[in-house]
S.K.: 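First, the structure itself, so that you have it in front of you.
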Amino acid sequence: MPTITLSSSQPFSLDQTLGCGQVFRWDHAENGWWTGVVGNHIIRIRQDGSRIAYEGAPEKFIRHYFSFDHDLESILDSIDHDPFIHAAIDQCRGLRLIRQPKWECLVSYICSTNSNIPTIRRRIATIAGQYGREIRLNNITGYSFPEPFDLACSPDGLDGCKLGYRCDYVYKTAGIITDRKKWEKSITAMPYEAARKELMTLPGVGPKAADCILLFAFEKHESFPVDVWIRRIMQQNYLKSMNTTAPLTHREYETIRGFAREHFGEYCGYAQEYLFGARTG
DNA sequence: ATCCAGGAAAACG
DNA sequence: CGTTTTCATGGA
């Protein structure tokens, strides 16, 4: 079993990183082992202090996926601007923003709207099981995430995946992306705001989903997704004069993400994920 | 049962 | 333009 030894100056927590809710395809097994599908790999991975044991993918792939190249110590210093975020950093230290497969991340966050995390996980697993390709690692079986074409050309239009009203969004977006071979490079090359507008032209992708996709798959670390949890946290601790009961309007979304970008700086997406990871309730 | 969840789009005024 | 309603599913 290959291992990676982490430098003591670069904090990493496998549990925080995979358990914080940014990704939906990892399962916590026995003895600290995690199992997940990433691209065409089934990966098994476990952390013991600074030692990472893994199988199922090359070391380079693991290092890239978990963003071991991020200077996390410096990033956390750069967002540590008040006691509240400081406590969240203490609680979730070692959480890293991972580099998710882009198409899967796009579909995942279309499926995430107005749903809780266990429900989202089941939807993604069902889509993969139904339309993905079977892959194996020793005695473990998993399913790769289907390509845009596979979903766009599914005879049943993703019926039976229990996506509710999101089913049509995924199906239509799959059709659009199938015809746009260079969409990943195109979005990657755009600055954050332009990429955001472009993603929001896709059916089922609004401000929040676009921000999640940009943060979790396109390395746009200035993105600050505002969901019901983050909204509550920001209003209770930073923007106390805002109305907390009415539905979130576009203008309030803009106020919150604008404040966060200003307050936490260019890595406010990291701040967002630490606040989300430390949420209670 | 009732309310809520990593919301978005259509309808409305 | 900004606000309200509707949408389908499952957790708690």
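In what follows, every chain begins at residue 1, and chains take the letters A, B, ... in the order their sequences are listed.
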S.K.: Rounded to whole Å, how long is the line connecting atom CZ of A:Phe24 with atom P of B:dA5?
M.R.: 15 Å
S.K.: Provide, to the nearest angstrom, the distance between the CG atom belonging to A:Asp227 and the P atom belonging to B:dC4.
M.R.: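 Rounded to whole Å, this separation is 15 Å.
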S.K.: Distance check, C1' atoms only: C:dG10 and B:dA9, in whole angstrom units.
M.R.: 22 Å
S.K.: What about A:Tyr165, does its side chain sit under 3.5 Å from the base of B:dG7 through a donor-acceptor pair?
M.R.: yes
S.K.: Counting the benzene-type ring for Trp, do A:Tyr238 and A:His263 have ring centres under 6.0 Å apart?
M.R.: yes
S.K.: So, A:Arg123 versus A:Ser115: side-chain donor-acceptor pair below 3.5 Å or not?
M.R.: yes
S.K.: Taking A:Arg279 first and then A:Glu273, would you say they form a salt bridge - that is, a charged N and a carboxylate O separated by under 4.0 Å?
M.R.: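 Looking at A:Arg279 and A:Glu273, the cut-off is not met.
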S.K.: Looking at the rings of A:Tyr65 and A:Tyr54, which for Trp means the six-membered one, are their centres under 6.0 Å apart?
M.R.: no
S.K.: May I have the step-by-step check of side chain to side chain contact (heavy atoms under 4.5 Å, CB included) for A:Ile43 and A:Glu55, ending in yes or no?
M.R.: CA-CA 6 Å; A:Ile43 299 172; A:Glu55 60 180 339; over 6 Å; no
S.K.: May I ask you to say what A:Glu252 touches in the nucleic acid, namely base, sugar-phosphate or nothing, with a heavy-atom cut-off under 4.0 Å?
M.R.: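 Counting heavy atoms under 4.0 Å across all strands, no contact is made by A:Glu252.
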S.K.: With distance as the sole criterion, is a donor-acceptor pair present between the side chains of A:Ser112 and A:Arg166 under 3.5 Å?
M.R.: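 Not at all, the side chains of A:Ser112 and A:Arg166 share no donor-acceptor pair under 3.5 Å.
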S.K.: Between A:Phe259 and A:Phe224, is the gap from one ring center to the other below 6.0 Å?
M.R.: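 No; A:Phe224 has its ring centre 6.0 Å or more from that of A:Phe259.
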S.K.: Remember a base hit wins even if backbone is also touched, and classify A:Phe216 as base, sugar-phosphate or nothing at under 4.0 Å, heavy atoms.
M.R.: base
S.K.: Take atom CZ of A:Arg232 and atom P of B:dG7, then tell me their distance rounded to the nearest Å.
M.R.: 10 Å
S.K.: Is any side-chain nitrogen or oxygen of A:Arg123 closer than 4.0 Å to OP1 or OP2 of B:dA5?
M.R.: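 Answer no for this pair, as no side-chain N or O of A:Arg123 is under 4.0 Å from OP1 or OP2.
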S.K.: When we call it a touch if two heavy atoms are under 4.0 Å apart, what does A:Leu202 touch: a base, just sugar-phosphate, or nothing?
M.R.: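 The answer is sugar-phosphate, as A:Leu202 gets under 4.0 Å only of primed atoms, P, OP1 or OP2.
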S.K.: How would you label the contact of A:Lys162 with the nucleic acid (heavy atoms, under 4.0 Å): base, sugar-phosphate, or nothing?
M.R.: sugar-phosphate
S.K.: Take A:Tyr109 and A:Phe216, measure what ring-ring contact (aromatic ring centres under 6.0 Å, His included) needs, and give me the verdict at the end.
M.R.: CA-CA 10 Å; A:Tyr109 282 92; A:Phe216 300 140; 5.6 Å; yes
S.K.: Does A:Pro203 reach a base, just sugar-phosphate, or nothing at all? Heavy atoms under 4.0 Å.
M.R.: sugar-phosphate
S.K.: For the pair made of CZ in A:Arg166 and P in B:dA8, what is the distance, rounded to whole Å?
M.R.: 11 Å
S.K.: Expressed in angstrom and rounded to an integer, what is the separation of A:Trp229 atom CH2 from B:dG7 atom P?
M.R.: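 One finds 10 Å between P of B:dG7 and CH2 of A:Trp229, rounded.
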S.K.: Could you tell me whether A:Gly21 contacts a base, only the sugar-phosphate backbone, or nothing, with contacts defined as non-hydrogen atoms closer than 4.0 Å?
M.R.: base
S.K.: By the 4.0 Å heavy-atom rule, please label A:Ser115 as base, sugar-phosphate, or nothing.
M.R.: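 Base, at least one base heavy atom under 4.0 Å.
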S.K.: Please state how far atom CZ in A:Phe276 lies from atom C1' in B:dG7, giving the value in whole angstrom units.
M.R.: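 Taking atom C1' of B:dG7 as the reference, CZ of A:Phe276 is at 14 Å.
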S.K.: If you look at every strand shown and take non-hydrogen atoms under 4.0 Å, does A:Ala246 touch a base, only sugar-phosphate, or nothing?
M.R.: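 No contact.
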S.K.: What is the distance, rounded to the nearest whole Å, between atom CD1 of A:Ile117 and atom P of B:dA5?
M.R.: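 One finds 11 Å between P of B:dA5 and CD1 of A:Ile117, rounded.
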S.K.: On DNA chain C, which is the earliest and which the latest nucleotide, 5' to 3', with an atom closer than 4.0 Å to a heavy atom of chain A?
M.R.: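 So the outermost contacting nucleotides come out as C:dG2 to C:dG11.
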S.K.: Report the distance from atom CE of A:Met200 to atom C1' of B:dA10, rounded to the nearest whole Å.
M.R.: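 Checked: the CE to C1' distance equals 15 Å.
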S.K.: By nearest heavy atom, map A:Pro225 and A:Val205 onto DNA chain B; which one lands nearer the 5' end?
M.R.: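 Going by which nucleotide is closer to the 5' end, it is A:Pro225.
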